[in-house]
There are 2 protein chains.
Amino acid sequence: MKDSSRPPSKFLAAISQIQEMIKTDRLQCGDKIPSERELSDRLSIGRSSVREALRALELLGLIETRRGEGTFLRDFTDHQLVPLIGTFIFDGEQNKEDVRDVKAILELGCLAILSRKSSFDFNESGSSFQQKIEAADNRLLQNIWMIISDYAGSDPDNERLQELLAAAKQIQYSEGQ
Amino acid sequence: MKDSSRPPSKFLAAISQIQEMIKTDRLQCGDKIPSERELSDRLSIGRSSVREALRALELLGLIETRRGEGTFLRDFTDHQLVPLIGTFIFDGEQNKEDVRDVKAILELGCLAILSRKSSFDFNESGSSFQQKIEAADNRLLQNIWMIISDYAGSDPDNERLQELLAAAKQIQYSEGQ
DNA sequence: TGAATTATGTGGTCTGACCACTGGTATGGC
DNA sequence: GCCATACCAGTGGTCAGACCACATAATTCA
């Protein structure tokens, strides 16, 4: 008879409690979070487990640690996890193709959003997609696009985007079926 | 005079060395990686640091640990990091809007890809987007979409998608500028 | 006053010690 | 020979304590 409800690992518990604490205390980006030793006390969890949690969050780019100073909340914009996940996931075979497609998809979506926003003049807003993405004013989109871009390499003439745009215009789709 | 070339933290060193080891030994998904104590020995790094690295990788869903058995490489398909990043990033205010938009963007892109693939009949391939995404045959797209979907909630009539699709058809864009 | 020193707090790391769990091995009865 | 039991070694999970390296604030002293 195995007790299926084994308590979650302290490591995971620490993570969620830290999140909780951040919410409760309304901590903002740049704010300092309690020291490892204090967290260890307040959560009644060994410092090692607290550290495991913090290191994981750090790798995700959610926090930043500065020796001698403390641990701080961080803006997600600095996407830490990319090079890591990249080597594990993106690398290899024809995944590059997938990455390029997804990048084009995001860019197509970006254009669509801008087009929806009002009569947006594509030829005025600067040529770089970086600027277009920012103009779309969607942080999540921006983050994902930046991450993907790091791995997609360049697509000089936005060939793939043009291709997708053309394809999109052909779509006959109504959810009414 | 600060020594700018301070050695990277053992924690990060451990991660990259573990990655290295995985490549060198050509380990596949499901394979067992050396025990924490053995890693500690082979890398000449304390077990605590090794654990910090492993826990971080675990949180990313790259490895899986089973007490009493060992640590195993894992398929990325199980997207672990979602609930985590979610509460940190997605949550809150009007971000929900952003999430919904990105979801629609991915779906629009999915349709475009299917449309490009050949004359794809949208009304035949099953009604769920899950199936459409799979048909698009792009793992990365699939992963991101699943992640996003967890947070986007449902959009019964694909209202937003329709909206974006309409907007996309209005786009006048040529990279020639 | 102002520079040097000290004290304190923080993250970074290692070690050793347990515990809980798994899987194989040995033991012993049948 | 077979099977159930007990045992043991290996592994992850956790903790506590001890240092070190570093940054900052407080203190001291010229």
Side-chain angles (χ1 to χ4, degrees), chain A residues 1-18 21-22 25 27 29-74 78 80, chain B residues 1-18 21-22 25 27 30-74 78 80 84:
Chain A
M1 189 72 65
K2 186 169 291 292
D3 180 11
S4 62
S5 64
R6 195 190 311 166
S9 68
K10 296 298 180 74
F11 158 65
L12 290 176
I15 290 188
S16 50
Q17 293 194 58
I18 290 173
M21 180 177 301
I22 290 174
D25 297 357
L27 297 184
C29 291
D31 287 353
K32 188 173 182 298
I33 70 180
S35 76
E36 298 178 351
R37 291 169 175 87
E38 182 179 347
L39 283 175
S40 174
D41 278 353
R42 281 170 63 174
L43 307 181
S44 300
I45 293 179
R47 191 184 160 208
S48 8
S49 296
V50 169
R51 275 188 62 83
E52 288 176 11
L54 290 179
R55 291 292 74 68
L57 294 180
E58 181 183 14
L59 192 66
L60 287 177
L62 299 176
I63 62 175
E64 177 185 6
T65 57
R66 296 202 281 270
R67 172 193 249 163
E69 299 183 60
T71 307
F72 304 83
L73 270 191
R74 178 169 177 169
D78 313 305
Q80 210 67 6
Chain B
M1 187 73 66
K2 190 167 289 292
D3 180 10
S4 61
S5 65
R6 196 191 309 167
S9 68
K10 296 299 181 74
F11 158 65
L12 290 176
I15 289 188
S16 51
Q17 292 194 59
I18 290 173
M21 182 179 298
I22 289 174
D25 296 359
L27 298 183
D31 286 355
K32 187 174 182 301
I33 71 181
S35 75
E36 298 178 352
R37 289 169 177 86
E38 183 178 347
L39 283 175
S40 174
D41 279 353
R42 283 172 62 175
L43 307 181
S44 301
I45 294 179
R47 192 186 157 204
S48 23
S49 296
V50 170
R51 275 186 62 83
E52 288 176 11
L54 290 179
R55 290 294 73 69
L57 294 180
E58 182 184 13
L59 193 64
L60 288 178
L62 299 175
I63 61 174
E64 177 185 6
T65 57
R66 295 201 282 270
R67 174 192 243 161
E69 297 182 61
T71 306
F72 304 83
L73 271 191
R74 179 169 174 167
D78 314 306
Q80 210 66 6
L84 182 76

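In what follows, chains are A, B, ... by sequence order, proteins preceding strands, each numbered from 1.
Applying side chain to side chain contact (heavy atoms under 4.5 Å, CB included) to A:P34 and the options A:L43, A:L39, A:V50, A:D41 leaves one that passes, A:L39.
Distance CD1/B:I33 to OG1/B:T65: 9.5 Å, rounded to 0.5 Å. With values rounded to the nearest 0.5 angstrom, B:S16 atom OG is found 11.0 Å from B:M21 atom CE. Atoms CD and CZ, on A:E52 and B:F11 in that order, are 10.5 Å from each other to the nearest 0.5 Å.
Applying the side chain to side chain contact (heavy atoms under 4.5 Å, CB included) test to B:E36 and every residue at least two apart in sequence or in another chain returns B:R47, B:R51, B:L54, B:R55.
Whole-Å rounding puts the A:R74 CZ to C:dG11 P distance at 16 Å. Distance B:I45 CD1 to C:dT13 C1': 10 Å, rounded to the nearest Å.
The shortest side-chain heavy-atom distance between A:L59 and B:I15 falls under the 4.5 Å cut-off.
Contact annotation: B:S48 does not reach the phosphate of C:dT15 (side-chain N/O to OP1 or OP2, under 4.0 Å). Between B:S49 and C:dG12 there is no side-chain N or O to OP1 or OP2 distance below 4.0 Å.
The two residues A:L27 and A:K32 make their nearest non-hydrogen contact at CD1-O, 4.2 Å. The two residues B:I45 and B:K10 make their nearest non-hydrogen contact at CD1-O, 4.0 Å.
The bend of the helix from C:dT1-D:dA30 to C:dC30-D:dG1, defined by the angle between the axes of its first five and last five pairs, stands at 30° to the nearest 10°.
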- Taking protein heavy atoms under 4.0 Å as touching, what does nucleotides 7-13 of chain D look like 5' to 3' if B marks base contact, S marks sugar-phosphate-only contact and - marks none? ---BBBB
